[in-house]
Amino acid sequence: MVYCCCSNKLPSTTSTAIIYFQGYSSLSIGRSHSNKALHYLLLSSSHSPHFLPLSDELQTLSSGCKFASLSLRSNKRFIYAETGRQGWDVGRFLKTVYFFNAPPSPAKLFEFLVGKLSNSTSNEPVKEMATSDIILVAGATGGVGRRVVDVLRKKGLPVRILVRNEEKARKMLGPDIDLVVGDITKESTLVPEYFKGVKKVINAVSVIVGPKEGDTPDRQKYSQGIKFFEPEIKGDSPEMVEYNGMKNLINAFQKGVGHRNGKLIFGFQDSISKELAWGELDDVVMGGVSESKFLIDHCGNENGGPTGLFKGVVSTKNNGGFTSIRTRNFSIPEDLSAYDGLELRIKGDGRRYKLIVRISPEWDTVGYTAIFDTVLDQWQSIQLPFSSLRPIFRAKTVFEAPPFDPSTIVSLQLMYSKFEYDGILNPTFEEGPFELPISTIKSYLKDPITPRFVHVGSAGVTRPDRPGLDLTKQPPAVRLNKELDYILTFKLKGEDLIRESGIPYTIVRPCALTEEPAGADLIFEQGDNITGKISREEVARICVAALESPYACDKTFEVKSVIPFSEPFTVDPENPPPEKDYDVYFKTLKEGITGKQVADQSPVSV
């Protein structure tokens, strides 16, 4: 007979069990021999290569338990419960516990084994997930950048600025501005803490160009944008700012912002693969006999490539009824706060499953859970929003649990169970074999996707050396590209880095920038052919509007006002023009038109 508890009080005789273990005669073991007995027991069971070998943790666990009496008889290796006398594989139970790096304390383990699931339900609302979507403005003290900051503030949006000169920035934008000091041309200055909480970026950084003859302290000659002055590069070169700087900026913030195709957490996608250490966690931990496994089927996905496979046999014997696979805790928590949820690519079997996400490294803790249905013999993509995850502990909703934090994901678990939660039964549950191929688990951005990165570039970037151009009708930068250290060439290379990054983007290419007010009618065009002028204030409004518009996503376009250079534009402060609905313009734009292949692409204008 065996009694196991974590106090001096033994269980009642109705919960006693008889242990038979293969290859050994009867033996009575008291408390002082419990470590040795458990050590002996574990070594006698077969080990899968996926499981951890015996460690000191086992002896630590066993030393807290009191074993009153143990009977070992030959040719058996299962524990039998008195009710039903159904076999329980203690070796598999111990493998399960020690596959995971942080087993519970003896008290928690015992509580877990003997705890009863409640069938009570509640209509109390679950706490909602908190969000923080900071918009970072780089180049915030420039002509466009400071206006972008003003527009964001007027909209009440959280903004942080990245600048090189703190004193100048606070004098211009106020002492309370959320500010970080860094230089995009110096990678070491873009520390990760600067980008914590940043979900969107507007980049208004540009190489500094000024008149050769000099300028006023506030750059009035350059800023007016209409009268021509012979230009030259001031400060860092176009290659350093427009190309290397762009590369540094993207590398610094891209982990915190969402990518169009999501972030692969597990699986096999195109030429990319990412594997996780999955371990079986079945109802054997509660005395059941269900059994599952996880393996890689090298030809099992819909395209004949590799896929994960969760399979097994589920049984309700011994009050069991679930199988699952769970990852070891990630060495570094996954930060998926830039995304809206997790997407599973699976081949369904018509059953209902659970995905459990944990944000605590503790073994026995709340799991944020989503339930999903599958379609028999069909590959399907299942999207599970983070906002739908329910805090569950031992099949009960924990209403006082903190909101789910997608920035600290430490483990995943897939489960097939008789129960859903709060006593609700799984309507698709059937005892017997099952299998669920899992091609990928990745994060996703919900549709419609909006830009995460808006960049202020320049019209003309594809025109240097374009055959057939009348250079007398082109902006100075096109005519003087070589003399200005290939300014447009490197601006275009910087744009290409954005397009290749996978980050949802908008690239705004304004024509000559002026200090005139916003409000003039506009012309949006693609293909990089137009010349003209546009207000910096208007460009700032376009940038902020693009962040919120799915029609601007992954688009590159040029923009100018309808007002010719020869005519100044003014507005009546008492009767300003109405604010524009920029979606009217964004809706006409097409993806893939950059002007790099003019022969194959005709411009699209509004």
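Just so you know, these numbers use all the heavy atoms, side chains as well, and skip hydrogens, waters and symmetry mates. In this text, all values refer to a predicted model and were calculated from it rather than measured experimentally. In what follows, residues are counted from 1 in the order of the sequence shown.
- A donor-acceptor contact shorter than 3.5 Å links the side chain of Asp405 to the backbone of Ser407.
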For Phe429 and Val314, run side-chain contact (heavy atoms from CB on, under 4.5 Å): C-alpha distance rounded to whole Å, both residues' side-chain angles, the deciding distance at 0.1 Å, then the answer. CA-CA 9 Å; Phe429 180 80; Val314 66; 3.7 Å; yes
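- Without hydrogens or angle criteria, Glu343 side chain to Ser381 main chain gives no donor-acceptor distance under 3.5 Å.
- With sequence neighbours left out, the side chain to side chain contact (heavy atoms under 4.5 Å, CB included) criterion links Val191 to Glu193, Tyr194.
- Side-chain contact between Met286 and Phe322 is present, with at least one heavy-atom pair separated by less than 4.5 Å.
- Pro427 meets the side chain to side chain contact (heavy atoms under 4.5 Å, CB included) test with Arg352, Glu420; sequence neighbours excluded.
- The shortest heavy-atom contact between Ser439 and Asn301 is OG-CB, 4.2 Å.
- For the residue pair Tyr339 and Gly262, the shortest heavy atom distance occurs at CE2-CA, 3.6 Å.
- A ring-centre distance under 6.0 Å is not found for Phe453 and Tyr505.
- For the residue pair Asp282 and Ser290, no side-chain donor N or O sits within less than 3.5 Å of a side-chain acceptor on the partner.
- For Phe294 and Phe266, the gap between ring centers is short of 6.0 Å.
- Taking the side chain as every heavy atom from C-beta outward, Val398 and Arg390 never approach each other to under 4.5 Å.
- For the pair Thr369 (side chain) and Gly367 (backbone), a donor-acceptor distance under 3.5 Å is present.
- Between Glu291 and Val289, every side-chain heavy-atom pair lies at or beyond the 4.5 Å cut-off.
- Glu334 pairs in a salt bridge (charged side-chain N to carboxylate O under 4.0 Å, His left out) with only one of the listed residues (Lys263, Lys442, Arg358, Lys255), which is Lys263.
- No side-chain heavy atom of Val375 sits under 4.5 Å from any side-chain heavy atom of Asp349.
- A cation-pi arrangement, defined by a distance under 6.0 Å to the six-membered ring centre and an angle within 45 degrees of its axis, is absent between Arg328 and Trp363.
- For the atom pair CG of Leu342 and CD of Gln383, the computed distance is 10.0 Å after rounding to the nearest 0.5 Å.
- Side-chain N or O atoms of Asp340 include none that pairs as donor or acceptor with a backbone N or O of Leu445 at under 3.5 Å.
- Val198 has its side chain within reach of Arg160: a pair of non-hydrogen atoms, C-beta onward, lies under 4.5 Å apart.
- Between the side chain of Asn303 and the backbone N or O of Gly305, no donor-acceptor pair lies under 3.5 Å.
- Leu547 is not listed as a side-chain neighbour of Thr450, based on a closest heavy-atom distance of 4.5 Å or more.
- One finds the CD1 atom of Ile135 at 4.5 Å from the CG atom of Leu157 (value rounded to the nearest 0.5 Å).
- Here the closest heavy-atom approach between residue Thr374 and residue Gly350 is recorded as OG1-N, 3.0 Å.
- Side-chain N or O atoms of Ser273 include none that pairs as donor or acceptor with a backbone N or O of Gly267 at under 3.5 Å.
- Thr327 contributes no side-chain N or O that, together with a main-chain N or O of Ser411, makes up a donor-acceptor pair within less than 3.5 Å.
- Of the inter-residue distances, the one linking Trp278 atom CH2 with Ile296 atom CD1 reads 10.0 Å to the nearest 0.5 angstrom.
- Leu344 contributes atom CG, which lies 6.0 Å from atom CG of Leu384 (distance to the nearest 0.5 angstrom).
- Within a 6.0 Å radius of NZ in Lys274, more than 12 heavy atoms belonging to other residues, nucleotides or ligands are found.
- A salt bridge between Arg260 and Asp554 is present, with a side-chain N of the basic residue lying under 4.0 Å from a carboxylate O of the acidic one.
- Put simply, the side chain of His259 gets close to the backbone of Gln254: a donor and an acceptor are under 3.5 Å apart.
- Aromatic ring centres of Tyr416 and Phe434: separated by under 6.0 Å.
- Here Arg345 pairs with Glu302 in a salt bridge; the nearest charged N to carboxylate O distance falls below 4.0 Å.
- Taken from CG in Leu264 to CG in Asp270, the straight-line distance is 9.5 Å, to the nearest 0.5 Å.
- Scanning for side chain to side chain contact (heavy atoms under 4.5 Å, CB included) contacts around Ala252 gives Leu190, Phe195, with sequence neighbours left out.
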Could you give me the CA-CA distance, side-chain angles and deciding distance for Ser549 and Asp583, then say whether side-chain hydrogen bond (donor to acceptor under 3.5 Å, both in side chains) is met? CA-CA 7 Å; Ser549 176; Asp583 272 351; 2.5 Å; yes
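- Judged by distance alone, the side chains of Ser324 and Gln413 do bring a donor and an acceptor atom under 3.5 Å apart.
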Salt bridge (charged side-chain N to carboxylate O under 4.0 Å, His left out) between Arg351 and Asp373, intermediate numbers included: CA-CA 6 Å; Arg351 292 179 169 89; Asp373 293 311; over 6 Å; no
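- Residues Leu309 and Leu436 have side chains not in contact (no heavy-atom distance under 4.5 Å, counting atoms from C-beta outward).
- Asp133 contributes no side-chain N or O that, together with a main-chain N or O of Lys199, makes up a donor-acceptor pair within less than 3.5 Å.
- Annotation: the span from Phe372 atom CZ to Leu355 atom CG amounts to 6.5 Å, rounded to 0.5 Å.
- Within the 4.5 Å cutoff, side-chain heavy atoms of Ile392 are placed close to those of Thr397.
- A donor-acceptor contact shorter than 3.5 Å is absent between the side chain of Thr365 and the backbone of Glu362.
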side-chain contact (heavy atoms from CB on, under 4.5 Å) between Asp364 and Phe393, intermediate numbers included: CA-CA 8 Å; Asp364 193 19; Phe393 183 65; 3.5 Å; yes
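- The two atoms that bring Trp379 and Pro437 nearest to each other are CH2-CB, 4.0 Å, heavy atoms only.
- Minimum interatomic distance between Gly300 and Thr307 (heavy atoms only, all atoms of both residues): C-CG2, 3.5 Å.
- Here the shortest heavy-atom pairing between Lys196 and Ile134 reads O-CD1, 4.1 Å.
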